[in-house]
Amino acid sequence: MSKIHPSAVIDAGAQVDPTATVGPFCCVGPNVTLGPGVELKSHVVVTGQTAIGEGTVIFPFAVIGEIPQDLKFKGEATELIVGKRNRIREHVTMNCGTEGGGGVTRVGDNNLFMAGCHIAHDATIGNNCVIVNSVAIAGHCIIEDDVIVGGLSGVHQFVRIGRGAIIGAVTMVTNDVIPYGLVQAPRGELDGLNLVGLKRRGVARADITALRAAFQMLAQGEGTFHDRARRLKEETTSDYVLEIVDFILADSDRHFLTPG
């Protein structure tokens, strides 16, 4: 049987895996699914049409799956899907989606959400991300894999942050960030590449050299930012550079942070 504290309130419609743990004073709503090995520490609220994946641990006073903070939301049926092995720390909030945004907020696997951060409606978070204390991820954002967002930062709605990027603390990100980008300053500026992260992941020296050359071309080449990206696509043989180029040339609802 599931390990359920007698003070927890679990609606009869909830699906709780036999290996899940629900601690003291938790509230679990009727449309919630808790997967294998999920642990709610204490005083956790999980509500809405919400699925929590295997091995995810949620710490006290987190509120997961509540309705969006969006005045256009009229009570339509929407979802929050949280993947496997996430760590969701104290006072984190994650909202369900909205009809206008596709109806689903998605969180991948192996992420760390530090205390007090917020994931808004219709956002998509990839895998292996670290969202640091008191970060606010606005609606419709896409955060790709292996991203770190520093403490007290904000990400504007509809912004995309590419794989492997790092956002410094106390930064407001208002435009898209290329994969492996390094963004810092109060009004986020693209200040280079996340070289430390690339080296930690064991990226080959030749690829890092190619990325640095590509960054310089994007910063100082002829033509518009998109012109430079198209030219890079024709010239490069690096998969990492191609990833940046494809990200730039994809559809977006925002402009880009460009190299200074």
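No experiment lies behind these values; they were computed from the predicted model shown. As a basis for the values below, the full set of heavy atoms in this structure was taken, side chains included, without hydrogen atoms, waters or symmetry mates. Numbering starts at 1 and runs along the sequence shown.
Every residue two or more places apart in sequence or in another chain that forms a side-chain contact (heavy atoms from CB on, under 4.5 Å) with Met217 is listed here: Arg231, Leu232, Glu235. Every residue meeting the ring pair (Phe, Tyr, Trp, His ring centres under 6.0 Å) condition with Tyr240, not counting sequence neighbours, appears here in chain and number order: Tyr180.
A distance-only check finds a donor-acceptor pair linking the side chain of Asp176 to the backbone of Arg160 [under 3.5 Å]. No side-chain donor-acceptor contact under 3.5 Å links Asp11 to the backbone of Val28. Formation of a donor-acceptor pair under 3.5 Å by the Asp145 side chain with backbone atoms of Gly126 is not found in this model. The backbone N or O of Gln184 sits nowhere less than 3.5 Å from a side-chain atom of Asp191 that would complete a donor-acceptor pair. Checked by atom type and distance alone, the side chain of Thr171 pairs as donor or acceptor with a backbone atom of Ala169 at under 3.5 Å. For the pair Asn194 (side chain) and Gly181 (backbone), a donor-acceptor distance under 3.5 Å is absent. Panel note: side chain Asn175, backbone Arg254; no donor-acceptor pair is recorded below 3.5 Å. For Asn95 (side chain) and His121 (main-chain N/O), no donor-acceptor pair under 3.5 Å exists by modelled atom type. Checked by atom type and distance alone, the side chain of Thr56 pairs as donor or acceptor with a backbone atom of Gly83 at under 3.5 Å. Side-chain atoms of Ser7 come within 3.5 Å of backbone atoms of Phe25 as a donor-acceptor pair (strictly under, hydrogens ignored).
Counted within 6.0 Å of CD on Glu76, heavy atoms from surrounding residues, nucleotides or ligands total more than 12; the atom is thus considered enclosed. In this structure, His5 places its NE2 atom where more than 12 heavy-atom neighbours from other residues, nucleotides or ligands lie under 6.0 Å away. In this structure, Arg106 places its CZ atom where only 12 or fewer heavy-atom neighbours from other residues, nucleotides or ligands lie under 6.0 Å away.
Taking all atoms of both residues into account, the shortest heavy-atom contact from Gly29 to Ala14 is O-CB, 3.3 Å. Taking both residues in full, the closest heavy atoms of Cys96 and Gly48 are given as SG-CA, 4.5 Å, listed atom of the first, atom of the second, then distance. Minimum interatomic distance between Gly23 and Ala8 (heavy atoms only, all atoms of both residues): O-CB, 3.7 Å. Nearest heavy atom pair, residue Asp207 against residue Ser238, reads OD1-OG, 3.2 Å. The two residues Thr105 and Ala120 make their nearest non-hydrogen contact at CG2-O, 3.7 Å. Pro68 and Thr98 get closest at one heavy-atom pair: CG-CG2, 3.6 Å.
Using a 4.5 Å cut-off between side-chain heavy atoms of Ile, Leu, Val, Met, Phe, Trp and Tyr, with links allowed through other members, Ile142 and Phe158 fall into different hydrophobic clusters. In the hydrophobic clustering of this structure, Val44 does not group with Phe61; members are Ile, Leu, Val, Met, Phe, Trp, Tyr whose side-chain heavy atoms approach within less than 4.5 Å, directly or through other members. Connection of Leu249 to Leu211 is established within a shared hydrophobic cluster, with ILVMFWY side chains joined at heavy-atom distances below 4.5 Å, either directly or through further cluster members. At a threshold of 4.5 Å between side-chain heavy atoms, the hydrophobic network of Ile, Leu, Val, Met, Phe, Trp and Tyr places Val159 and Met172 in two separate groups. Under a hydrophobic clustering in which Ile, Leu, Val, Met, Phe, Trp and Tyr are joined whenever their side-chain heavy atoms come within less than 4.5 Å, directly or via other members, Phe113 and Val63 fall into different clusters.
In the model, Asn110 has no side-chain atom that pairs as donor or acceptor with a side-chain atom of Asn127 under 3.5 Å. Counting only N and O atoms by type, the side chains of Thr174 and His156 include no donor and acceptor under 3.5 Å apart.
Between the CG atom of Asn111 and the CG atom of Asp146 there is a distance of 9.5 Å, given to the nearest 0.5 Å. The distance from atom CD1 of Ile131 to atom CG of Leu112, rounded to the nearest 0.5 Å, is 9.0 Å. Separation of atoms CD (Glu54) and OG1 (Thr19) is listed at 7.5 Å; rounding is to 0.5 Å. Between atom CD1 of residue Ile52 and atom CG of residue Leu34 there is a gap of 6.5 Å, rounded to the nearest 0.5 Å. With rounding to the nearest 0.5 Å, the separation of CD1 in Ile244 from CG in Asp239 is 12.0 Å. Distance check: Thr21 OG1 to Ile58 CD1 gives 12.0 Å after rounding to the nearest 0.5 Å.
In summary, of the residues considered (Ile88, Val45, Ile119), a side-chain contact (heavy atoms from CB on, under 4.5 Å) with Ile64 occurs for Ile88 alone. A side-chain contact (heavy atoms from CB on, under 4.5 Å) with Ile143 holds for exactly one of Ile161, Ile167, Val177; it is Ile161.
Thr93 is not listed as a side-chain neighbour of Glu66, based on a closest heavy-atom distance of 4.5 Å or more. A 4.5 Å side-chain heavy-atom check between Asp253 and His140 finds every atom pair outside the cut-off. For the pair Cys27 and Thr47, the minimum side-chain heavy-atom distance is 4.5 Å or more.
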Report the C-alpha separation of Ile137 and Cys117 in whole Å, then their side-chain angles, then the decisive distance to 0.1 Å, and conclude whether the side-chain contact (heavy atoms from CB on, under 4.5 Å) test is met. CA-CA 8 Å; Ile137 306 293; Cys117 69; over 6 Å; no

Apply side-chain contact (heavy atoms from CB on, under 4.5 Å) to Val92 and His118, showing your working. CA-CA 6 Å; Val92 169; His118 173 65; over 6 Å; no

Between Leu218 and Thr258, does a side-chain contact (heavy atoms from CB on, under 4.5 Å) hold up when you go through it step by step? CA-CA 8 Å; Leu218 288 170; Thr258 55; over 6 Å; no

Decide side-chain contact (heavy atoms from CB on, under 4.5 Å) for Leu195 and Arg212; before the verdict, give the C-alpha distance in whole Å, the side-chain angles of both, and the deciding distance to 0.1 Å. CA-CA 9 Å; Leu195 297 175; Arg212 296 179 75 166; 4.2 Å; yes

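Between Lys41 and Glu39 there is a salt bridge, since a side-chain N of the basic residue sits under 4.0 Å from a carboxylate O of the acidic one.
A perpendicular orientation is assigned to the rings of His226 and Phe256, their planes being inclined by more than 60° (bins at 30° and 60°).
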